[in-house]
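For reference, the structure discussed in these notes is given below.
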2 protein chains.
Amino acid sequence: MAKSKTTAAVMPPEALELVAARFKVLAEPMRLRLLQLLESGERTVGELVTETGAGQANVSKHLTLLAETGMVGRRKEGLNVYYFIADPMVFDLCKLVCGSLQKQLAQKAKAFGG
Amino acid sequence: MAKSKTTAAVMPPEALELVAARFKVLAEPMRLRLLQLLESGERTVGELVTETGAGQANVSKHLTLLAETGMVGRRKEGLNVYYFIADPMVFDLCKLVCGSLQKQLAQKAKAFGG
DNA sequence: TGACTATATAACTAAATAGTAATATAGTCA
DNA sequence: TGACTATATTACTATTTAGTTATATAGTCA
């Protein structure tokens, strides 16, 4: 009985792990790049390989992970597989982070004497 | 000249790495737990060690990382160091992810036949 | 001063994972 | 059917990092 803080609705550990896992998916530059490319329209694996310059196996693995977590969807068409954004929330997340980063960098710049 | 997609403002690779690094900080359950505890008010390292049940060195390392990335701030008071939320944006991020997760889980539950 | 406490840091181990090369799968077309 | 193409998967290597133990730092108080 010595705690004075309001104990805000504590998320159970399993929930925290789920949330952390989602952030982890977004914690790779290559996956962010793929999402960014898909933002302007669906693309085949081959197109993404060309546009990123990454290896085919690597791109495929990243796309599989993005699809497993529901961030992108897949659509087969003959030999090709088209990937597309399934959960646009990822862009909201990116915008928030970018805004925060910009604020911090601007502050640092000012501190240096702009 | 065979590309029909609108090439949405491409972020340079360095920017993507910065954003990814931010997500990576949030990609650990223990750090999310610490942030969640701090949401209801500042706390000393010792208090966080007690409340999480984690090791002191471990908590200290996580806090150092959170502070380096500007998500929390520190304030010394005698022997104690108080940590507090410095960028509330992290909670906006968490709320977005939680909402998305809930939607997905609800959908899965329905698919199973609720 | 010296004993004590809170926090930080260093060195280490174990686990996770991004990237790659090779291979498997599945669809197309002659 | 068999040659060909796009994608997925497997096995591997190298890197990163969470957690731990031991130690260092810095502040308090007698």
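The analysis underlying the following values was restricted to heavy atoms, covering all of them including side chains, and did not include hydrogens, waters or symmetry mates. Naming: A, B, ... by sequence-line order, numbering from 1 per chain.
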Would you name the heavy atoms of [X] and [Y] that are closest together and state the gap between them?
X       : Y        : result
A/Met89 : B/Ser100 : SD-CB, 3.3 Å
A/Ala86 : A/Gly70  : CB-O, 3.6 Å
A/Pro29 : A/Ala27  : CD-O, 4.1 Å
B/Ala54 : B/Asn58  : CB-ND2, 4.5 Å

Annotated protein contacts, base or backbone, on nucleotides 25-30 of chain C with a non-hydrogen cut-off under 4.0 Å, one of B, S, - each:
-BBS--
Can you tell me how far the [atom1] atom of [X] sits from the [atom2] atom of [Y], to the nearest 0.5 Å?
X       : Y       : atom1 : atom2 : value
B/Met11 : A/Cys94 : CE    : SG    : 7.5 Å
B/Thr52 : B/Arg31 : OG1   : CZ    : 13.5 Å
A/Leu16 : B/Glu28 : CG    : CD    : 11.5 Å
B/Ile85 : B/Leu66 : CD1   : CG    : 8.0 Å

Find out whether [X] and [Y] are in side-chain contact, i.e. whether some heavy atom of one side chain is under 4.5 Å from a heavy atom of the other.
X       : Y       : result
A/Thr69 : A/Asp87 : no
A/Asp92 : B/Asp92 : no
B/Leu93 : B/Val97 : no

What residues 26-34 of chain A contributes to the DNA chain D interface at heavy-atom separation below 4.0 Å is none
Strictly below 4.0 Å, heavy-atom distances to any atom of DNA chain D: list the hits from residues 57-66 of chain A, or just say none.
A/Ala57, A/Ser60
ILVMFWY cluster, B/Phe91 and A/Leu96 together (side-chain gap under 4.5 Å)
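Yes, B/Phe91 and A/Leu96 fall within the same hydrophobic cluster.
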Can you tell me if A/Arg74 touches the phosphate of D/dT7, counting only side-chain N or O atoms and a distance under 4.0 Å to OP1 or OP2?
no
May I ask you to verify if any side-chain N or O of A/Tyr82 is less than 4.0 angstrom from the OP1 or OP2 atom of D/dA6?
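For D/dA6, OP1/OP2 do not have a side-chain N/O of A/Tyr82 under 4.0 Å.
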Can you name the one residue among B/Arg43, B/Met71, B/Arg74, B/Glu42 that meets side-chain contact (heavy atoms from CB on, under 4.5 Å) with B/Tyr83?
B/Arg74
I need the full list of side-chain hydrogen bond (donor to acceptor under 3.5 Å, both in side chains) pairs touching residues 17-26 of chain B, with sequence neighbours left out, sorted by first then second residue.
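Listed by first then second residue: A/Gln104-B/Arg22.
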Among residues 13-25 of chain A, which ones have heavy-atom contacts with DNA chain C below 4.0 Å?
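The answer is A/Lys24.
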What's the CD-C1' distance between B/Gln56 and C/dA8, to the nearest Å?
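About 7 Å, once rounded to whole Å.
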Assert: residue with more 5' nearest nucleotide on DNA chain C, out of A/Ala54 and B/Val45, is B/Val45
Determine the stems involving DNA chain D; a stem requires 3 or more consecutive pairs of the Watson-Crick or G-U wobble kind, each with both distances below 3.5 Å, and the answer is none if no such run exists.
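Consecutive-pair runs (3 or more) involving DNA chain D: C:1-30 with D:1-30.
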Take B/Leu26 and B/Leu35 through the side-chain contact (heavy atoms from CB on, under 4.5 Å) test and state the conclusion after the steps.
CA-CA 9 Å; B/Leu26 297 174; B/Leu35 290 170; 3.7 Å; yes
